[in-house]
Each structure stands twice: as structure tokens, then as C-alpha cells.
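For reference, the structure discussed in these notes is given below.
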Number of protein chains: 2
Amino acid sequence: MDRIDRKLLNLMQRDASRTNVDMAEEVGLSPSSCLRRVQRLRKSGIIDRTVAILNPTKAERRIKALITVELQLHGEQHMRRFLKIAVAEEAVSQAYAVTGETDVVLMLRLRDMEEFDALCERLFRDQTNVARFFTMMIIRTAKEETAIWL
Amino acid sequence: MDRIDRKLLNLMQRDASRTNVDMAEEVGLSPSSCLRRVQRLRKSGIIDRTVAILNPTKAERRIKALITVELQLHGEQHMRRFLKIAVAEEAVSQAYAVTGETDVVLMLRLRDMEEFDALCERLFRDQTNVARFFTMMIIRTAKEETAIWL
DNA sequence: CACGCCTTTGCAATGAAATTGCAAAGATCT
DNA sequence: AGATCTTTGCAATTTCATTGCAAAGGCGTG
């Protein structure tokens with residue numbers, strides 16, 4: 001993991017659709033050597049995967065919301081049970097167990113408020129062990145970065 | 001935007017490293033026809049970009065934290081000023097303006113607590129117009145999904 | 001229903017890129 | 001300095017992306 005590897009990782013985090021030949025030139029290596037580095041980075045697991053990012057405006061699911069959840073019972077098994085339910089929801093794009101007053105934070109991507117209503121119904125019934133939850137509708141997305149710059 | 005387009009988008013959101021020939025077979029089209037669809041999806045902007053996702057465990061920046069921020073002054077220009085400062089920080093991976101008690105929510109990716117300390121120093125000085133902020137360290141990431149399934 | 005118009009498809013040919021063997025160069029450790 | 005392991009570049013091969021073109025499909029109109 002040297003300077004060239006980091007350069008490659010940054011390049012690919014910015015744009016993974018570039019050809020190997022193209023990237024090889026940019027980092028100053030021959031295509032074959034460059035390819036072998038990328039393959040090594042993939043196999044080692046540093047590169048987890050490469051994915052297409054859709055423009056959420058042009059897709060459905062324009063509405064984003066954050067929910068903080070306080071559980072009633074705080075044991076590990078209760079936490080796990082709630083997370084399992086939340087994770088299974090397609091509208092839940094991120095789910096975290098956190099420290100503080102709040103126990104769980106969820107990031108939602110919603111088509112409309114009906115979907116939100118239905119989701120709350122499923123997530124926050126009595127059986128789901130939720131004491132309270134607070135919803136924050138996202139007004140503006142100022143930054144949403146998938147990359148970890150090296 | 002038909003059934004095949006949606007299929008392609010889902011495929012590419014799962015794994016954008018597959019060859020066109022490979023995907024063409026999966027969706028039941030000839031390579032040329034499949035390629036033209038993908039190109040159209042790119043040009044139309046539905047596919048925003050394709051990126052490599054790193055394994056955060058193997059990268060630096062293992063620590064994640066959420067911060068909710070309450071501003072002192074709530075005008076549009078004050079909001080904009082704070083977001084501009086937050087967005088410029090490399091440790092800030094997501095930044096949102098939200099409804100509710102809280103005004104801004106930030107997602108952080110940190111190397112260590114020194115970086116957190118330094119970041120708070122920069123973000124929450126008097127001049128940044130922050131009334132209060134609450135930090136939630138992320139204990140467990142149960143879900144982190146880049147895709148919007150169609 | 002027939003016709004014309006526009007879009008999408010598949011085929012085939014071409015050009016570009018990915019992939020691999022191999023020898024040389026470089027790095028590391030003793 | 002010598003032995004060993006790794007990385008590199010070159011060249012050959014295979015695979016893939018790309019494009020022209022004609023056929024097929026879809027759609028609205030007369």
C-alpha cells in the first residue's frame with residue numbers, strides 16, 4: 001500500500017468507469033502493472049465493490065428522513081431484534097446503533113409520506129420495543145460522500 | 001424506462017464491475033443493444049456515476065459518529081454559512097439540513113478522537129453560530145446501502 | 001387495417017482494452 | 001555481496017466495447 005495504490009484508490013472512488021489503460025497513464029505505470037495492482041486491491045478486500053450511484057432526483061424515493069429511536073429494553077438481544085426488523089425495510093438505507101440518549105438512528109429514502117406512514121406502522125408498533133422516536137425530514141443534502149480519501 | 005432498464009440499474013447498483021457482455025446475457029439482450037441502453041442511462045443522468053466502495057475497516061477512518069447541531073441564528077444565510085464550513089471538512093461524509101429541534105445533522109468518518117476534537121474545535125467555535133450539538137458515536141453499522149432498488 | 005415514421009434490436013466488422021507469460025529490474029533480508 | 005521474493009514492462013493473445021447497417025417492433029394517423 002504505497003503512494004500509487006492510494007492514488008489508484010482515490011481515482012476509483014471518484015470514477016470507477018475509467019479504463020485501466022487510462023488510469024495506468026495517470027499514475028505513471030504500464031497497463032499490465034496497473035491492472036495487477038487493482039486486482040490485488042480487490043482481492044485484498046480494500047476495494048469492497050464498485051457500484052453505480054443513481055441520481056436520487058431522477059429515481060423514485062426523493063424524500064429523505066432521519067429517525068432517532070429510543071428503545072424500551074436495552075439488552076443486546078433487544079437491540080439486535082429491532083435492527084433486524086429495520087434493516088429488512090427497503091426504505092431504510094442506513095441503520096446504526098449509537099451511544100447517547102438515542103439507541104438507533106435510521107436513514108430513510110421514501111417515495112412519499114404514505115410510505116413513511118406505513119413504515120412507522122411496522123417499525124414502531126408495541127412489539128418492536130420502541131419507547132420514543134424523533135423524525136427529522138431532510139430539507140437539503142449539502143454533502144453525501146461515498147469515498148474515503150487516502 | 002422499462003423492465004429491462006430497471007433490471008440493468010439494479011445490476012449495476014449491485015456490481016458495476018461486470019462486463020457489458022455479461023450483463024447483456026443476464027437481461028436477455030445482445031451486447032450492443034445492452035450497451036446502448038447503459039449509455040443512454042448514463043447520458044440521461046439516471047446513473048450519476050460509478051465508484052469504488054472501500055472497506056472502511058481496511059481503510060483508515062474506522063470511527064463513525066453522528067452529530068446533531070442546533071444553530072443560534074436560523075436564517076437561510078446562517079444555515080448556508082455553517083453548511084459551507086461543515087462540507088469543507090474531509091471527515092464530514094454527509095451533511096443535511098433537517099426539520100425539527102435540530103437544524104443540521106453531520107455524519108463523520110474519523111481516524112481517531114484527536115481528529116474529532118480538532119474538528120469540533122473548528123466547527124463549533126463561537127463564530128460558527130452553533131447553539132448546541134449532540135454527538136452520537138456509532139457502535140454498530142447494521143446497514144449502509146448505496147443503492148436505490150427499482 | 002394499411003401506411004409512414006421513429007425507436008430498438010441483432011449481426012458483423014473494427015478498434016480498443018483486459019489479461020497473461022516471461023524476462024528484467026528492483027526491493028528486502030541476511 | 002548474494003539469494004530470494006516482488007514488481008515492472010513488453011509482447012502476444014483473448015475478450016470486450018463500439019459503431020454502421022439493415023431488419024424488426026411500436027405507435028399514431030389516415
Side-chain angles (χ1 to χ4, degrees), chain A residues 1-62 111 144-150, chain B residues 1-62 111-112 145-150:
Chain A
M1 171 66 82
D2 58 3
R3 197 179 53 82
I4 294 181
D5 280 334
R6 276 189 287 275
K7 213 169 181 176
L8 281 173
L9 289 173
N10 285 340
L11 284 181
M12 296 178 68
Q13 286 188 99
R14 198 182 332 270
D15 180 3
S17 69
R18 298 174 62 181
T19 67
N20 178 58
V21 172
D22 190 15
M23 292 196 299
E25 189 180 13
E26 180 147 346
V27 302
L29 279 183
S30 70
S32 62
S33 193
C34 181
L35 180 64
R36 274 185 270 247
R37 274 177 183 262
V38 172
Q39 288 172 335
R40 180 168 51 73
L41 290 170
R42 282 188 193 287
K43 208 162 57 183
S44 74
I46 298 176
I47 297 177
D48 185 44
R49 60 217 166 96
T50 102
V51 300
I53 304 289
L54 300 198
N55 183 334
T57 313
K58 309 223 171 183
E60 338 283 288
R61 302 189 177 281
R62 287 178 161 75
R111 295 179 205 280
E144 224 164 28
E145 178 68 74
T146 54
I148 305 172
W149 304 117
L150 300 179
Chain B
M1 170 66 82
D2 58 3
R3 198 181 50 84
I4 294 182
D5 280 335
R6 277 189 286 274
K7 213 168 182 177
L8 280 173
L9 289 173
N10 285 339
L11 284 181
M12 295 179 68
Q13 285 188 99
R14 199 184 330 273
D15 180 4
S17 69
R18 297 175 63 182
T19 67
N20 178 57
V21 173
D22 190 16
M23 293 194 300
E25 189 179 14
E26 181 147 344
V27 301
L29 280 182
S30 69
S32 63
S33 194
C34 181
L35 180 64
R36 274 184 272 246
R37 275 176 183 262
V38 172
Q39 289 172 335
R40 180 168 51 73
L41 290 170
R42 282 189 192 288
K43 207 162 57 184
S44 75
I46 298 176
I47 297 177
D48 184 45
R49 62 214 165 99
T50 103
V51 300
I53 304 288
L54 300 198
N55 183 333
T57 313
K58 309 223 172 184
E60 338 285 289
R61 302 189 177 280
R62 285 177 163 75
R111 295 179 206 282
D112 49 45
E145 180 67 74
T146 54
I148 304 173
W149 304 119
L150 300 178

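This is a predicted model, so every value here is computed, not measured. Each chain gets a letter, A, B and so on, in the order its sequence line appears, and its residues count up from 1.
- By the salt bridge (charged side-chain N to carboxylate O under 4.0 Å, His left out) test, Glu145(B) is found to be paired with no residue, residues two or more places apart in sequence or in another chain being considered.
- Partners of Arg36(B) by side-chain hydrogen bond (donor to acceptor under 3.5 Å, both in side chains), not counting sequence neighbours: none found.
- Sequence neighbours left out, not one pair with a member in residues 48-58 of chain B passes salt bridge (Lys or Arg N to Asp or Glu O under 4.0 Å).
- In the region residues 7-23 of chain B, proximity to DNA chain C at under 4.0 angstrom, judged on heavy atoms, holds for none of the residues.
- The 5' end of DNA chain C is approached more closely, in terms of each residue's nearest nucleotide, by Arg40(B) than by the other of Arg40(B) and Pro31(A).
- By the side chain to side chain contact (heavy atoms under 4.5 Å, CB included) test, Thr19(B) pairs with Val21(B), Asp22(B), sequence neighbours left out.
- In this structure, CD1 of Ile4(B) is placed 14 Å from C1' of dT7(C), rounded to the nearest angstrom.
- As rounded to whole Å, 11 Å separates atom P of dA18(C) from atom CZ of Arg42(A).
- Partners of Asn10(A) by side-chain hydrogen bond (donor to acceptor under 3.5 Å, both in side chains), not counting sequence neighbours: none found.
- Within the 4.5 Å cutoff, the side chain of Ile148(B) has no heavy atoms near those of the Glu60(A) side chain.
- Among residues two or more places apart in sequence or in another chain, the side chain to side chain contact (heavy atoms under 4.5 Å, CB included) test is passed with Leu29(A) by Ile4(A), Val27(A), Ser33(A), Cys34(A), Arg37(A).
- For Arg6(B), the side chain to side chain contact (heavy atoms under 4.5 Å, CB included) partners two or more places apart in sequence, or in a different chain, are Met1(B), Leu150(B).
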Anything under 3.5 Å between a donor and an acceptor, one on a side chain of residues 50-57 of chain A, the other on a protein residue two or more places apart or in another chain? List them.
from	atom 1	to	atom 2	distance (Å)
Asn55(A)	OD1	Thr57(A)	N	2.9
Asn55(A)	OD1	Thr57(A)	OG1	3.1

Dump every N/O contact between nucleotides 20-27 of chain C and the protein below 3.5 Å, one line per pair.
from	atom 1	to	atom 2	distance (Å)
dG21(C)	O6	Arg36(A)	NH2	3.3

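- Between the CD atom of Glu25(A) and the P atom of dA18(C) there is a distance of 13 Å, rounded to whole Å.
- By the 6.0 Å contact criterion, CD on Glu144(A) is enclosed, its count of non-hydrogen atoms from other residues, nucleotides or ligands being greater than 12.
- The overall bend of the helix from dC1(C)-dG30(D) to dT30(C)-dA1(D), read as the angle between its terminal helix axes built from five base pairs each, is 50° when rounded to 10 degrees.
- Listed by chain and number, the residues in a side chain to side chain contact (heavy atoms under 4.5 Å, CB included) with Glu26(B) are Leu11(B), Arg18(B) (sequence neighbours excluded).
- Spacing between atom CZ of Arg37(A) and atom P of dG9(D) amounts to 9 Å, rounded to whole angstrom units.
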